[in-house]
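See structure below.
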Amino acid sequence: MSTPTPSRKPDEPPSPEILPMGLSGLLVRFADRLDDTANRAVLAFRSALEAARPAGVEETAASLGSVFLRFDPGVTDHSALSAEVGALLDQVDWRAAALPAGRRLWTIPAVFDGPDLAAAAELAGLSPEAAVQDLTAARVRVLAIGFAPGLPYMGPLPERWDIPRQTALTPVSPAGAVVVAVRQVIIFPTATPTGWRQVGRTGFRAFRPGAAVPFPLSAGDEVRFRAVDAAAFEALAAADPDRGGAVAEPIA
């Protein structure tokens with residue numbers, strides 16, 4: 001099941017691809033774009049890989065639609081590892097597999113006063129007030145951690161939030177900025193230039209250098225935002241500098 005077959009039906013999802021990446025990498029690709037079912041398969045398959053830990057595999061990482069394996073070329077090679085990974089792929093319909101255990105639901109306070117809230121809401125066909133209600137009603141999943149240390153790509157948001165990035169770059173969005181585009185929402189762990197649209201801010205720090213757990217969010221965790229006013233936001237950020245009042249609970 002290493003490559004898509006030409007005979008598959010138009011509505012049938014492609015088989016995962018197994019692709020060599022450099023001298024010591026292997027990519028298992030379920031999709032080449034954001035797809036909720038493929039991302040669930042990524043999370044389930046990576047968990048199974050971590051449990052099986054094929055000989056020579058030193059690290060795995062999940063993206064929106066793929067799992068990357070870094071291996072020791074002195075222990076295994078692309079051919080042998082591809083065969084082992086392919087056998088694991090064939091054991092289960094990963095698109096229908098359950099998400100891994102140990103995930104958490106985070107409730108994160110945010111003040112929705114971002115400079116791009118009105119523009120983002122208009123693109124989604126909503127008033128700013130309705131947009132905030134929409135964003136706080138959504139329970140999004142951490143699809144992947146990437147681009148910057150600890151940065152969570154979260155989604156998918158409802159289809160109306162399939163809005164484009166800005167054509168111009170915002171020179172700096174602050175740490176804690178809540179930004180949206182293409183059915184996803186991000187919390188910036190550090191001040192970052194961006195084309196995403198800032199709709200709010202939170203005191204939650206997604207990257208904590210020097211902490212025992214520098215990345216508090218993990219791929220597969222779920223997040224819901226709780227709207228607060230500016231005064232409550234400032235109080236929460238002062239009282240709880242790392243979490244900004246966020247709380248986590250196990251997902252049964």
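Just so you know, these numbers come straight off a predicted model, no measurement behind them.
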Test log, rule side chain to side chain contact (heavy atoms under 4.5 Å, CB included), inputs Leu34 and Val182:
CA-CA 9 Å; Leu34 176 60; Val182 291; over 6 Å; no
Over all heavy atoms of both residues, which pair between [X] and [Y] is shortest? Give the atoms and the distance, please.
X	Y	value
Pro164	Leu123	CD-CD1, 4.4 Å
Trp94	Leu88	NE1-O, 3.3 Å
Arg165	Ala181	CG-CB, 3.9 Å
Ala55	Val75	C-CG1, 4.0 Å
Ala219	Ile145	N-CG1, 4.2 Å
Thr194	Ser173	CG2-OG, 3.3 Å

Tell me if the [atom1] atom of [X] is crowded by more than 12 foreign heavy atoms within 6.0 Å.
X	atom1	value
Arg33	CZ	no
Leu23	CG	no
Glu159	CD	no
Glu122	CD	no

With the side chain counted from C-beta on, respond yes when [X] and [Y] share a heavy-atom pair under 4.5 Å apart, and no when they do not.
X	Y	value
Leu217	Phe204	yes
Val179	Arg197	no
Val85	Leu69	yes
Phe225	Met154	yes
Trp106	Val142	no
Phe207	Pro214	yes
Leu117	Val132	yes
Leu89	Phe30	yes

Any chain of hydrophobic side-chain contacts (each under 4.5 Å) joining [X] to [Y]?
X	Y	value
Ile108	Val180	yes
Tyr153	Val223	no
Ile186	Phe147	yes
Val67	Leu26	yes

Do side-chain atoms of [X] reach the backbone of [Y] as a donor and acceptor pair under 3.5 angstrom?
X	Y	result
Arg141	Glu222	no
Arg53	Val57	yes
Gln166	Trp196	yes
Asp72	Gly56	no
His78	Gly22	yes

Enter the distance from [X]:[atom1] to [Y]:[atom2] here, rounded to the nearest 0.5 Å.
X	Y	atom1	atom2	result
Arg243	Thr202	CZ	OG1	12.0 Å
Phe112	Asp229	CZ	CG	13.0 Å
Ser82	Ile18	OG	CD1	5.5 Å
Arg224	Thr136	CZ	OG1	11.0 Å
Leu143	Leu43	CG	CG	8.0 Å

Hey, are Thr60 and Arg46 close enough side-chain-wise for a donor-acceptor pair under 3.5 Å?
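A pair is found: one side chain offers a donor N or O, the other an acceptor, under 3.5 Å apart.
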Do Arg70 and Ser24 have a side chain donor and acceptor closer than 3.5 Å?
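Side-chain D/A pair, Arg70 to Ser24: absent.
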Is Asp221 salt-bridged to Arg104, going by a charged N under 4.0 Å from an acidic O?
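Result for this pair is yes, salt bridge flagged.
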Does this structure show an ion pair linking Asp36 with Arg183, if we count only N-O contacts that are shorter than 4.0 Å?
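Looking at Arg183 together with Asp36, the answer is no, because their closest N to O distance does not fall below 4.0 Å.
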Could you go through the side chain to side chain contact (heavy atoms under 4.5 Å, CB included) check for Phe68 and Glu59 one step at a time?
CA-CA 8 Å; Phe68 175 74; Glu59 181 183 15; 5.7 Å; no
Under the criterion side chain to side chain contact (heavy atoms under 4.5 Å, CB included), I'd like the reasoning laid out for Arg160 against Leu126: C-alpha separation, chi angles, the key distance, then a yes or no.
CA-CA 9 Å; Arg160 56 183 161 269; Leu126 301 167; 4.0 Å; yes
With sequence neighbours excluded, residues passing ring-ring contact (aromatic ring centres under 6.0 Å, His included) with Trp161
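Testing Trp161 for ring-ring contact (aromatic ring centres under 6.0 Å, His included), a comparison that skips the adjacent residues, returns none.
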Begin from the C-alpha positions of Arg95 and Asp35 and carry the test side chain to side chain contact (heavy atoms under 4.5 Å, CB included) through to its verdict.
CA-CA 11 Å; Arg95 290 174 175 269; Asp35 176 270; 3.8 Å; yes
